[in-house]
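Naming convention: chains lettered A, B, ... in sequence-line order (proteins, then strands); numbering from 1 in each chain.
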There are 2 protein chains.
Amino acid sequence: MATIEDVAARAGVSIGTVSNVLNRPQAVAPATRARVQAAITALGYVPHAAARALVAGRSRTIGLIVPEVTNPFFADLARGAEEVADDRDLTVMLYNSNKAPGRELRFLGQLESQRVQGILLTPVNQVAEALSDVVARGTPVVLLDRGSGHRNLCSVAVDDRVGGELAATHLVERGHRHLAFVGGPFTVHQVAERLAGARSVTDAAGARLEVIETTGLTVAAARAAATGLARRPAADRPTAVFCANDLLALGVLQTVTRERLRVPGDLAIVGYDDIAFAAAAAVPLTSVRQPRQQLGRVAAQLLFEEIDDPGRHGHRQVVFQPELIARASTRVTAPAS
Amino acid sequence: MATIEDVAARAGVSIGTVSNVLNRPQAVAPATRARVQAAITALGYVPHAAARALVAGRSRTIGLIVPEVTNPFFADLARGAEEVADDRDLTVMLYNSNKAPGRELRFLGQLESQRVQGILLTPVNQVAEALSDVVARGTPVVLLDRGSGHRNLCSVAVDDRVGGELAATHLVERGHRHLAFVGGPFTVHQVAERLAGARSVTDAAGARLEVIETTGLTVAAARAAATGLARRPAADRPTAVFCANDLLALGVLQTVTRERLRVPGDLAIVGYDDIAFAAAAAVPLTSVRQPRQQLGRVAAQLLFEEIDDPGRHGHRQVVFQPELIARASTRVTAPAS
DNA sequence: AACAGCGTTTATAACGATTCAATAACCGGA
DNA sequence: TCCGGTTATTGAATCGTTATAAACGCTGTT
């Protein structure tokens, strides 16, 4: 593969001049510049990023580690981050930790070894001890969606408690006095917060909120819970459920529909995340939407702030407010006769 | 940040020895090795990947460009490729072209500039001219899922025609004589092939196959088609539909269910891709599954084959066979009275 | 004719690792 | 005691680029 030296030889100039053509073209006489450009295209010269990174001391990339690439939440977040990175001509290296702490650790090491300018990370569990080392050695890190507790790091997240409040308020305002929360396990911080938010609203409104814990956040996990609900006598049944995410909500919708309940007539449903399927469901689903792409943008901005001026930079924990998207699954219907 | 020189100084050895500890520990006396290791951990030394890549002439990574990270097909494919790369201690750099030719081009350039050992690519449209340059300059490329026509490149793909045959055979064997194919646009190679496969089977069996073209492969796109179907008089209605993907199939399922048809009693449904939702649908969906992870594995293996011995390597086009997963949506039911 | 000033170009020293030939240290055997 | 043969360690060259200080060639002034 052609090197800068080959280009220089072909253009009859020194390598310094070629480097100038590449990095500060205005400093090179137009005729020379043209000659060098010609040599570059003729040889198909592609600069060697590693050599550049070596002199510069850092590479022109930032790292992004997410627990699930498949999840549109993180895909959108990545888009947001990329957008900001593009403005600086930086590449975002995307890694999928798949919720495996081992993978997270490995990628962290790789990114550090590549001397990335900074790292955006959704930590798998607690923030690894290894992370503190990375930060101590000088690579800025911004936490995504989790671990906002860390005061010595920047982080961005969405307020799940507010999300819970939005959902519950929406239902209470529509006259529901007996709600159910479906979700779990409660060890997942997000789930617990969403419940807490809902609880605060129902308590204040004097409404009833029963809690149905599931083992996970999948369609399948919703089945058991929903079957139980649907088979209760109407008087004993909540008139609305708030699900910790849209998959659960879809599961509930499917199951109770099969059990011949009408949605929203017999049971109103609110989901969380506003995935693409929410709008496309048999009964379009009311859901709580998080500003995903903005989350990524702001995270990247915080990171660059720290990169640009590590001294003056003060760590910030940015919390976004979610938004409720009302659809048919909570529409007020004429009371059944 | 600590360099190899700092480590050498602290351990009282030369940098050559430190390098040996890192790359061929058995060549270093145990006592020295221990001393160096201690220095490494004490200083938190992390080797500089760019410096390594510079001497080596290539980095320890391969690139993977997919059109949609959100799509589980590509996520699984990535996992397969990673698995193989891990065995060689290589990192997979994942890029999401988002079907934008501009992004694809940019990433291709970045990967080449990083001197990756090879590239796995799902080309957005036709194979870009730029790609030939990349290949000509010596970076091996394997095409994923598309562009198998190129005889001068390796590629892996799944036989969509066989997929169509599987689906149609399954339905014909269950006694269906009037089928419908739902999908589109037919400019998408995969869609056209699936239809062609189905057609060959129905023709051979003397069954009827009507074609309902949709504008896209989404739940929403299925609505119109399904509504039309459901409202036809039973005699004029196909007894089974084969959808070009699972999203369409789910849309059809939802819509015809709402129109009071029973699945599979009144209408059997076969999807394609076997996404997670297929099994979790109201009526679990029969679907054609592609060996996604294996696709990634084999692609990576082909790439490494070429990397290891570019001279002897002969380009191959590997085509996998899909598999039909039978579920409730095509179960044979007692004929309605 | 000498020189200051300017715009271009060049030579060279980094950057942080790996590699490999050369050297040093050590051992047992003659 | 010296030697051949290991085994361990070192020093220097090298990778491809950027940055920088010095050199160069003109022009216009004095």
Practice task
Go through A/Phe320 and A/Gln294 one step at a time and tell me if the side-chain contact (heavy atoms from CB on, under 4.5 Å) criterion holds.
Solution key: CA-CA 9 Å; A/Phe320 285 96; A/Gln294 199 188 353; 3.4 Å; yes
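Not counting sequence neighbours, B/Asp87 has no partner by the salt bridge (charged side-chain N to carboxylate O under 4.0 Å, His left out) test. Considering only residues two or more places apart in sequence or on other chains, A/Phe74 meets the ring-ring contact (aromatic ring centres under 6.0 Å, His included) condition with none of them. For A/Arg79, the side chain to side chain donor-acceptor pair (under 3.5 Å) criterion is met by B/Asn98, not counting sequence neighbours. For B/Thr3, there are no side chain to side chain donor-acceptor pair (under 3.5 Å) partners, not counting sequence neighbours. By the salt bridge (charged side-chain N to carboxylate O under 4.0 Å, His left out) test, A/Asp76 is found to be paired with A/Arg292, residues two or more places apart in sequence or in another chain being considered. By the salt bridge (charged side-chain N to carboxylate O under 4.0 Å, His left out) test, A/Glu82 is found to be paired with B/Arg103, residues two or more places apart in sequence or in another chain being considered. A/Arg312 meets the salt bridge (charged side-chain N to carboxylate O under 4.0 Å, His left out) test with A/Asp309; sequence neighbours excluded.
Within the helix from C/dA1-D/dT30 to C/dA30-D/dT1, the inter-axis angle between the opening and closing five-pair segments is 70°, rounded to 10°.
Residue pairs meeting the salt bridge (Lys or Arg N to Asp or Glu O under 4.0 Å) criterion with at least one member in residues 143-152 of chain B, sequence neighbours excluded, do not occur.
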Fill in the blank from the handout: Going 5' to 3' through nucleotides 10-17 of chain C and flagging B where a protein heavy-atom sits under 4.0 Å of the base, S where only the sugar-phosphate is that close, and - otherwise, we get B---BBBB
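In summary, contact between chain B and DNA chain D, defined as any nucleotide atom under 4.0 Å from a heavy atom of the protein, begins and ends at D/dA8 to D/dG16 in the 5' to 3' direction.
Using a 4.0 Å heavy-atom distance criterion, A/Arg24 is classed as a base contact.
In this structure, A/Thr32 does not reach the C/dT8 phosphate: none of its side-chain N or O atoms is under 4.0 Å from OP1 or OP2.
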Show which side-chain atoms of residues 42-52 of chain A pair as donor or acceptor with protein atoms under 3.5 Å away, not counting sequence neighbours.
unit_1, atom_1, unit_2, atom_2, d
A/His48, ND1, A/Ala50, N, 3.3
A/His48, ND1, A/Ala51, N, 3.4

